[in-house]
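What follows is a short report on a single structure.
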Amino acid sequence: MISKEAIELAKKIVELDIKRDMIWEQLASLAGKEAYNLLRYVQNS
């Protein structure tokens, strides 16, 4: 049986994934075609 803690962690991951998608849409709206490059630049800084 899967523990309650594991289920809660899975729920948190889903919530983060949804939030990530929302933030990505905001970034794409602001940075346009350069959004991906900007994200990689910041990630590698």
Side-chain angles (χ1 to χ4, degrees):
M1 187 161 138
I2 299 173
S3 70
K4 287 182 182 180
E5 183 179 6
I7 293 170
E8 289 303 314
L9 288 173
K11 286 179 181 179
K12 285 181 181 182
I13 290 170
V14 170
E15 290 171 7
L16 285 170
D17 193 41
I18 292 168
K19 186 170 185 174
R20 179 205 174 276
D21 289 345
M22 291 171 55
I23 294 169
W24 171 255
E25 291 298 323
Q26 291 175 344
L27 177 61
S29 177
L30 290 172
K33 294 182 202 176
E34 295 300 316
Y36 182 79
N37 291 333
L38 175 59
L39 179 63
R40 294 298 164 232
Y41 174 80
V42 171
Q43 187 178 36
N44 293 323
S45 296

Members sharing I7's hydrophobic cluster, built from side-chain contacts under 4.5 Å between Ile, Leu, Val, Met, Phe, Trp and Tyr, are I2
Check residues 17-24 and write down every donor-acceptor pair under 3.5 Å in which the side-chain atom is one partner and the other belongs to a residue at least two apart or another chain.
none

Who pairs with S3 by side-chain contact (heavy atoms from CB on, under 4.5 Å), at least two apart in sequence or on another chain?
-> E5, A6
Only distances under 3.5 Å count here; give the side-chain donor-acceptor pairs of residues 30-39 to other protein atoms, sequence neighbours excluded, each with its distance to 0.1 Å.
residue	atom	partner	partner atom	Å
E34	OE1	N37	ND2	3.3
Y36	OH	R40	NE	3.2

Residue set satisfying salt bridge (Lys or Arg N to Asp or Glu O under 4.0 Å) with K4, at least two apart, ordered chain then number -> none
Within the side chain of S45, is there an N or O that forms a donor-acceptor pair under 3.5 Å with the backbone of Y41?
-> yes
Salt bridge check: are K11 and E8 linked by an N-O gap of less than 4.0 Å?
-> yes
